[in-house]
Amino acid sequence: NRLLPNDGTINIQTMKKIGIALCFCCVMALFAACTDNSYLNAVPRESTALLSIDPVKMSGLNHVSVLRTLLQATNISKSGIDVSHKIMLFEAPDGNLGVCAKAQDEDELTQTFAQLATKNVCPAPIKRRGFHFTVLKDAWVVGWNNTAMLVMGPVTVEAQSSLQQQIAQYLKQDEAAGITQSRLYEKLDSLEGSMTLVAQATALPQQFLAPLTLGMPKKADGSEVIIAAEMEKEQQVMHIKGEVFSLNATVNQSLKQAYQLYRPITDRYLSATPRDAMLSMFLNVDGQKFLPVMQNNAGFQALLMGINTAIDMDNILRSVDGDLALITPYYDEHRLSMRMMAQLKHKNWVKDVGYWKKSCPAGGRIVDWKPDAWYYTSKETTFYFGVTPQLQFFSGSTAEEASQAFAPAKQQLSATEKNLIKGQKLALVINMNALQGGKTGAVTAMLQPIFGDVHTLIYTLK
């Protein structure tokens with residue numbers, strides 16, 4: 001009543017106030033509609049890895065190609081999925097992989113899978129516990145309601161019923177149990193880009209854990225280390241620009257101190273790196289300062305365990321001053337597979353080789369090979385190593401690998417890949433074709449149809 005004058009009419013000033021109030025309400029309602037993330041409540045809060053894909057922002061890919069590939073449907077506009085919202089890939093607390101998308105129309109989504117069933121892409125949808133379910137590729141269980149669609153797996157046929165029950169629980173979750181209330185999502189939401197990633201280090205494949213946790217205190221838990229990254233595709237390369245941090249202040253300080261030791265990588269060893277190697281890591285460091293960081297890293301200690309009992313690798317690493325390349329041609333838990341090339345500041349450790357020969361563990365021996373070059377052999381390991389007159393350390397699991405350490409690789413990294421590595425503080429090059437089986441293979445199989453022909457992942461520190 002206070003808005004009305006005594007004669008009951010509405011003056012111009014009052015009408016303006018009402019108009020502004022109505023506009024404000026409309027804007028707020030529109031903003032709320034555009035930022036409706038309630039579908040993400042279906043992603044469990046304790047998930048250990050999150051990969052967000054924004055189809056609207058994606059360049060080089062049709063904005064609906066992600067879901068078209070996922071659902072194997074051509075007419076995605078009537079699929080029942082809201083393609084204007086982000087798609088979330090995640091690793092659940094139990095280790096299952098998942099995809100969450102916003103449902104726009106439950107009936108249309110059910111009809112989409114019913115049509116796919118007629119093409120033998122999946123079984124006909126069934127309804128259990130108030131939710132719809134089917135299975136893609138005999139391993140990925142799909143569940144949906146009028147809010148969200150979840151795809152989870154891979155699981156055996158015997159485990160599909162149990163996973164359906166789990167998906168039903170996730171689809172019923174409220175905001176308190178969903179991912180938007182987690183620290184991982186808070187960090188993810190702060191990142192720019194069409195593809196962003198936040199993950200606990202322990203959620204990543206074991207082969208990559210050691211390089212990504214450099215600087216972590218020896219007694220720290222790997223789950224305390226978090227990788228946050230923005231991703232973009234360049235030709236056949238997925239470039240992951242990341243940062244490593246921890247919510248534990250002590251762990252975080254240790255990680256940041258290690259980062260201060262990294263210097264810009266040059267192109268010294270890039271042409272000698274074979275493109276088909278499973279994993280390659282590049283650094284530029286002062287070995288004297290960097291050695292304690294490697295000594296605290298359980299992954300690197302495990303990698304060197306087979307030869308560190310006979311060869312004082314710590315002493316060799318201490319002499320590094322410049323570029324350092326560690327190349328793993330293939331992954332073998334039981335046998336060393338490593339090439340190392342490094343610029344040294346001196347070769348004082350050569351004086352100790354005579355002692356190493358005498359103190360070899362039983363069953364192993366160090367043999368002269370070339371001037372300032374030797375090889376260690378045992379039942380489990382063979383390792384060739386040496387130093388050139390130019391103070392270049394070289395090594396390999398075979399004589400040929402070590403001899404050709406600095407020669408241009410027959411199949412080199414591409415110009416795009418080299419440009420992404422040069423000048424960075426740390427770079428990991430991961431050959432997608434070498435990742436087969438297990439969780440890593442499942443992730444690769446899920447992502448490859450979405451992103452197209454990606455041969456290489458390159459991770460660099462921001």
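These numbers come from the heavy atoms of this one structure, side chains and all, not from hydrogens, waters or symmetry mates.
- No side-chain heavy atom of M231 sits less than 4.5 Å from a side-chain heavy atom of H239.
- Proximity of V454 to V237: side-chain heavy atoms (C-beta onward) are nowhere separated by under 4.5 Å.
- A 4.5 Å side-chain heavy-atom check between E91 and S47 finds every atom pair outside the cut-off.
- A distance-only check finds a donor-acceptor pair linking the side chain of N41 to the backbone of S38 [under 3.5 Å].
- Taking 4.5 Å as the limit, some side-chain heavy atom of V141 sits within range of a side-chain heavy atom of I167.
- In R128, the CZ atom is crowded: over 12 heavy atoms of neighbouring residues, nucleotides or ligands sit closer than 6.0 Å.
- Between the side chain of E230 and the backbone N or O of E192 there is at least one donor-acceptor pair closer than 3.5 Å.
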Q: With side-chain contact (heavy atoms from CB on, under 4.5 Å) as the test, would you mind laying out the steps for D314 and L291 before giving the verdict?
A: CA-CA 7 Å; D314 288 352; L291 179 62; 3.8 Å; yes

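- In this structure, the side chains of R275 and H455 come closer than 4.5 Å at one or more pairs of heavy atoms.
- Residues I126 and T134 have side chains not in contact (no heavy-atom distance under 4.5 Å, counting atoms from C-beta outward).
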(Q) Between N145 and E106, does the side-chain hydrogen bond (donor to acceptor under 3.5 Å, both in side chains) criterion hold? Intermediate values first, please. (A) CA-CA 6 Å; N145 60 4; E106 182 177 6; over 6 Å; no

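- Relative to the ring axis of Y259, K462 does not place its NZ or CZ within 45° and under 6.0 Å from the centre.
- In this structure, A42 and A148 approach most closely via the heavy-atom pair CB-CB, 4.2 Å.
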Q.
Between D323 and T266, is the side-chain hydrogen bond (donor to acceptor under 3.5 Å, both in side chains) condition met? List the steps.
A. CA-CA 7 Å; D323 283 284; T266 76; 2.5 Å; yes

Q.
Run K418 and T273 through side-chain hydrogen bond (donor to acceptor under 3.5 Å, both in side chains) and show every step you take.
A. CA-CA 10 Å; K418 292 176 182 178; T273 302; over 6 Å; no

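- Of the candidates Q235, Q236, E417, T456 forms a side-chain hydrogen bond (donor to acceptor under 3.5 Å, both in side chains) with just one, namely E417.
- Other residues, nucleotides and ligands contribute at most 12 non-hydrogen atoms within 6.0 Å of the CD atom of Q411.
- Here the straight-line distance linking atom CG of L426 with atom OG1 of T460 works out to 8.5 Å at 0.5 Å rounding.
- Residues P125 and F113 approach most closely at CG-CB, 3.7 Å, considering heavy atoms.
- Side-chain N/O atoms of N248 and S246 include no donor and acceptor closer than 3.5 Å.
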(Q) Could you walk me through whether V225 and L212 satisfy the side-chain contact (heavy atoms from CB on, under 4.5 Å) test, starting with their C-alpha distance in whole Å, then the side-chain angles of each, then the deciding distance to 0.1 Å, before giving a yes or no? (A) CA-CA 9 Å; V225 177; L212 295 177; over 6 Å; no

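- Separating the OG atom in S395 from the CE atom in M338 is a distance of 5.0 Å, to the nearest 0.5 Å.
- Side-chain atoms of F282 and L428, non-hydrogen and from C-beta on, never get closer than 4.5 Å to each other.
- If you take CG on N296 and OG1 on T213, they are separated by 10.5 Å, rounding to the nearest 0.5 Å.
- Residues K127 and T110 bring no donor and acceptor atom of their side chains to less than 3.5 Å of each other.
- For the residue pair A427 and I265, the shortest heavy atom distance occurs at N-CD1, 3.9 Å.
- Between the R263 side chain and the V285 main chain, a donor and an acceptor come within less than 3.5 Å of each other.
- Judged by distance alone, the side chain of D174 and the main-chain N or O of A177 form a donor-acceptor pair under 3.5 Å.
- In this structure, S162 contributes its side chain and A159 its backbone to no donor-acceptor pair below 3.5 Å.
- Across K233 and M195, no two heavy atoms sit closer than the pair N-CE, 4.4 Å.
- The environment of NZ in K256 is crowded: more than 12 heavy-atom neighbours from other residues, nucleotides or ligands sit within 6.0 Å.
- Closest approach of E234 to L420, counting heavy atoms only: OE2-CD2, 3.6 Å.
- Expressed to the nearest 0.5 Å, how far CE of M152 lies from CD of Q164 amounts to 12.5 Å.
- Using a distance-only test at 3.5 Å, with no hydrogens or angles considered, a donor-acceptor pair links the side chain of S190 to the main chain of K187.
- Considering N96, L97, L184, L50 as possible partners of F90, the one that fulfils the side chain to side chain contact (heavy atoms under 4.5 Å, CB included) test is L50.
- Using a 4.5 Å cut-off on side-chain heavy atoms (C-beta onward), V429 and L413 make contact.
- The backbone N or O of M313 lies less than 3.5 Å from a partner atom in the side chain of N308, making a donor-acceptor pair.
- Taking 4.0 Å as the cut-off between side-chain N and carboxylate O, D54 and K86 do not count as a salt-bridged pair.
- Environment of NZ in K422: sparse, with no more than 12 heavy atoms of neighbouring residues, nucleotides or ligands closer than 6.0 Å.
- Using a cutoff of 4.0 Å between basic side-chain nitrogens and carboxylate oxygens, R45 and E175 are not scored as salt-bridged.
- Shortest non-hydrogen contact noted between L324 and Y269 is N-CE1, 4.4 Å.
- With hydrogens and angles disregarded, a donor-acceptor distance shorter than 3.5 Å links the side chain of N297 to the backbone of A210.
- How far CZ of R339 is from CD1 of I327: 4.5 Å, rounded to the nearest 0.5 Å.
- Separation of atoms CD1 (I87) and SG (C100) is listed at 10.0 Å; rounding is to 0.5 Å.
- Under the 30°/60° scheme for interplanar angles, the aromatic rings of H132 and W144 are found to lie parallel.
- A donor-acceptor pair is defined here as one N or O able to donate and one able to accept, closer than 3.5 Å; no such pair exists between the side chain of D189 and the backbone of Y185.
- Counting only N and O atoms by type, the side chains of Q295 and K218 include no donor and acceptor under 3.5 Å apart.
- A donor-acceptor pair is defined here as one N or O able to donate and one able to accept, closer than 3.5 Å; such a pair exists between the side chain of E224 and the backbone of D221.
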